[in-house]
Amino acid sequence: MHAYRTHTCGQLRKDHVGQSVRLSGWVHRVRDHGGVLFVDLRDTHGLTQCVVDQGSSLIESVGKWRHESVVTITGSVKARRPDTANAKMATGDIEVYMDAAILQSAADVIPFQVAEDDGAGEDMRLKYRYLDLRREKMQRNIRLRNTVIASIRRRMWESGFQEFNTPILTASSPEGARDFLVPARLHPGKFYALPQAPQQFKQLLMMSGFDRYFQVAPCFRDEDGRADRLAEFYQLDVEMSFVTQDDVFSTMEPVIAGLFEEFSNHTGEKRAVTKTPWPRIPYREAMLRYGSDKPDLRNPLEIVDVTEVFAREDVEFRAFKEIIAKGGVVRAIRAPKVSDRPRSFFDKLNDWARGEGAPGLGYIVFEAAEGKGPIAKFLPAAAQAALKTIAKAEAGDAVFFVCDMEERAAKLAGKARDKICADMDIREKGVYKFCWIVDFPMYEKDEKTGVVQFSHNPFSMPQGEMESLDTKDPLDILAYQYDCVCNGFELCSGAIRNHKPEVMERAFAIAGYGVETIKAKFGGMYNAFHYGAPPHGGCGFGIDRIVMLFADEPNLREVYAFVMNGAFEDPMMGAPTAVSPEQLRDLHIKTDLPKEKIKATG
RNA sequence: GCGGGCGUAGUUCAGUUGGUUAGAACGCCUCCCUGUCACGGAGGAGGUCGCGGGUUCGAGUCCCGUCGCUCGCGCCA
């Protein structure tokens, strides 16, 4: 007989009755009845009830086992009587009568309960993560994550992609988020950076002739954390040669849709996945209709522009008119069938808008012929009719207004759209609603400085290429830049890349960078463009966010085995730590700490 | 860097208008119990109320500061 186990704790059934077996696992629960004693033994596969029968000499030693100790038991499988079988357990038809029991590793008193969720705080769970990971929900989440990644790999290989590794120690890049830096001992004063994404390497692989790359790529960004943002995370990183934007979509849609179909019933509630091809929504349209570049399409509400109504001469609502005169816009959201809602429904939304920094959330309720509400009196019948036409409002509907300069109005309208949907409880349930947001602008104007800069990836190909760069207002130039959005989450961002050095030079010049900058910062890739570069493009999917959606978890840390807290510290490992003076000397580094912030971190 | 919330037993929490010896559940320890499966029963241990200062006859409770955790803003091409 094997030293530790002949079966797992989830394996034994009626067929095994009469067999002599050995099981190993953790003491999940103990029920001591004096003469007879039950131990639920747990491993990652399940639970088995093990029995110390009356008169057994084991009763004293087994009775002392603490929860979460690791034990090995040997015994015979017996069928449970019908009145003692447990239909809730997979192994509930049998139990193992112990002949021998070995305490392999005694557990101290545990800091929180494993057998049940006792609501222990996240700091405790992270400090004792190995205990937390023993719990049923975490076992489920981590297994889900592993099978999702296996499925992704299988689907990508089946789609003709090859998986690559790219460097972890690489060069800091000037754009984007803050880099994690690693001092280079052999090169005093110089640093490696951990990759924010393998962006340049995957493009260089295209230049190397591999035409379908993917990687489950670790990415590192030194920005402040959020519930859905970690210092280290994983992307399904993808790049393809000789493709158009539509090729990228039609290649990735079946992979992602298939993945979502496969895992969409993980929580027990089967969810419908948007049929491919997914809707493609231009960025500007998304900002107008949804007030967001990551719209939640489960929300049926849409935003329309009603600036023309409030600009009419017969409308005397000065609060809006003054903003329109300065170039502002008015956006409207129709909320269907809310005229019977109590006044508090509208007041709450108004209070919410004030909390968002707006003066309020104006509205008109169309009960019958004429509109009611605080600003209805400023709009004569003809203007109200025009408003109803544009907003497609009917009797019983309300229309909410946001007025500001265009970008701010769009964003607030987007938040209001989400808030009204939540308050009305009309978000569609049981679905994954996908879309691609396309035609992102190539450039944007910095609000503070007024300087034109890249709005997304500087390596994106501008639509119209050189001609657009030469002839158009930079702010009107669109890029082959796209996002994949699901239920309001940005799952993926990508682009068709700019593989032409002369177009790249021009594109960087508009953003204020000379050729020297390109050579200094992206020299390796810029050189490669001069030796035969295929047209190429790709994208990167946030794997953790995908797993979050499947697991229906609100927090990224629930789908990682080992993870840092919100301040990017690991309470279990003690990272980050102070290092010895010798280590710093090796690296030619002296620290210059803020005085009030010195903590004894070891 | 900024803002909100939280901080009381090992864990999760309650704690009234500022007033006797700070409670509950789970866990832990001792004992009882032959069929439980969240077993049941009796008893017990366990607290610098995050820390520091202040107001007060009296502070877990009020005020100030500080630290920690958490959510968000900024940031995240």
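Computed from heavy atoms alone, side chains included, the values below leave out hydrogens, waters and symmetry copies. Proteins get letters first, then strands, A, B, ... in listed order; numbering begins at 1 in each.
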If you only use heavy atoms from C-beta on, which nucleotide in B:rA38, B:rG35, B:rC69 is closest to the side chain of A:Arg29?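 Within the option list, the nearest is B:rA38.
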
Whole-angstrom distance between [N] and [M], as gauged at atom [atom1]:
{"N": "B:rG52", "M": "B:rC57", "atom1": "C1'", "value": "23 Å"}
{"N": "B:rC26", "M": "B:rC69", "atom1": "P", "value": "31 Å"}
{"N": "B:rG5", "M": "B:rC13", "atom1": "C1'", "value": "16 Å"}
{"N": "B:rA24", "M": "B:rG46", "atom1": "C1'", "value": "15 Å"}
{"N": "B:rU17", "M": "B:rC63", "atom1": "P", "value": "14 Å"}
{"N": "B:rU12", "M": "B:rG35", "atom1": "C1'", "value": "32 Å"}
{"N": "B:rG19", "M": "B:rU61", "atom1": "C1'", "value": "11 Å"}

What pairs with [X] under side-chain contact (heavy atoms from CB on, under 4.5 Å), at least two apart in sequence or on another chain?
{"X": "A:Ala85", "result": "A:Arg80, A:Asp93"}
{"X": "A:Tyr192", "result": "A:Leu169, A:Val182, A:Ala184"}
{"X": "A:Ala422", "result": "A:Arg427"}
{"X": "A:Lys415", "result": "A:Trp352, A:Glu356"}

Any salt bridge linking [X] with [Y]? Criterion: basic side-chain nitrogen under 4.0 Å from a carboxylate oxygen.
{"X": "A:Arg506", "Y": "A:Glu502", "result": "no"}
{"X": "A:Arg557", "Y": "A:Glu122", "result": "yes"}
{"X": "A:Arg5", "Y": "A:Asp43", "result": "yes"}

Look at the rings of A:Phe459 and A:Phe522 and say which category their plane angle falls in: under 30° parallel, 30 to 60° tilted, over 60° perpendicular.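 Because their plane-to-plane angle is over 60°, the rings of A:Phe459 and A:Phe522 count as perpendicular.
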
- Can you say whether the rings of A:Phe249 and A:Trp436 are parallel (under 30°), tilted (30 to 60°) or perpendicular (over 60°)? parallel

With heavy atoms under 4.0 Å as the rule, sort [X] into base, sugar-phosphate or nothing.
{"X": "A:Asp32", "answer": "base"}
{"X": "A:Gly35", "answer": "sugar-phosphate"}
{"X": "A:Ala495", "answer": "nothing"}
{"X": "A:Tyr513", "answer": "nothing"}

Letter by letter from the 5' end, nucleotides 71-77 of chain B scores (B base, S sugar-phosphate only, - none; protein heavy atoms under 4.0 Å) SSBBBBB

Exercise for review: Compare the aromatic ring of A:Phe38 with the six-membered base ring of B:rU36 and state whether they stack according to the 5.5 Å and 30° rule.
Suggested key: yes

(Q) Counting only heavy atoms not in A:Tyr234 (residues, nucleotides, ligands), do more than 12 fall under 6.0 Å from its OH? (A)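 Not buried by this count: 12 neighbours or fewer within 6.0 Å.
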
Under 4.0 Å between a side-chain N or O of A:Arg31 and OP1 or OP2 of B:rC39?
->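 Checking A:Arg31 against B:rC39: at least one side-chain N or O falls below 4.0 Å of OP1 or OP2.
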
Tell me whether the OP1 or OP2 atom of B:rC39 has a side-chain N or O from A:His33 closer than 4.0 Å. no

Using salt bridge (Lys or Arg N to Asp or Glu O under 4.0 Å) as the criterion, list what pairs up with [X], not counting sequence neighbours.
{"X": "A:Lys294", "answer": "none"}
{"X": "A:Lys472", "answer": "none"}
{"X": "A:Arg135", "answer": "A:Asp118, A:Asp132"}

Going by heavy atoms closer than 4.0 Å, what residues in residues 87-95 of chain A are next to RNA chain B?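 Correct list: A:Lys88, A:Met89, A:Glu95.
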
Quick note, salt bridge (charged side-chain N to carboxylate O under 4.0 Å, His left out) partners involving residues 476-490 of chain A, not counting sequence neighbours, are none

Stems with RNA chain B, 3 or more Watson-Crick or G-U pairs in a row (under 3.5 Å), are B:1-7 with B:67-73, B:10-13 with B:23-26, B:28-32 with B:40-44, B:50-54 with B:62-66

What protein N or O atoms touch nucleotides 22-28 of chain B N or O atoms at under 3.5 angstrom, if any, and at what distances?
unit_1	atom_1	unit_2	atom_2	d
B:rG27	O2'	A:Gln113	NE2	3.4

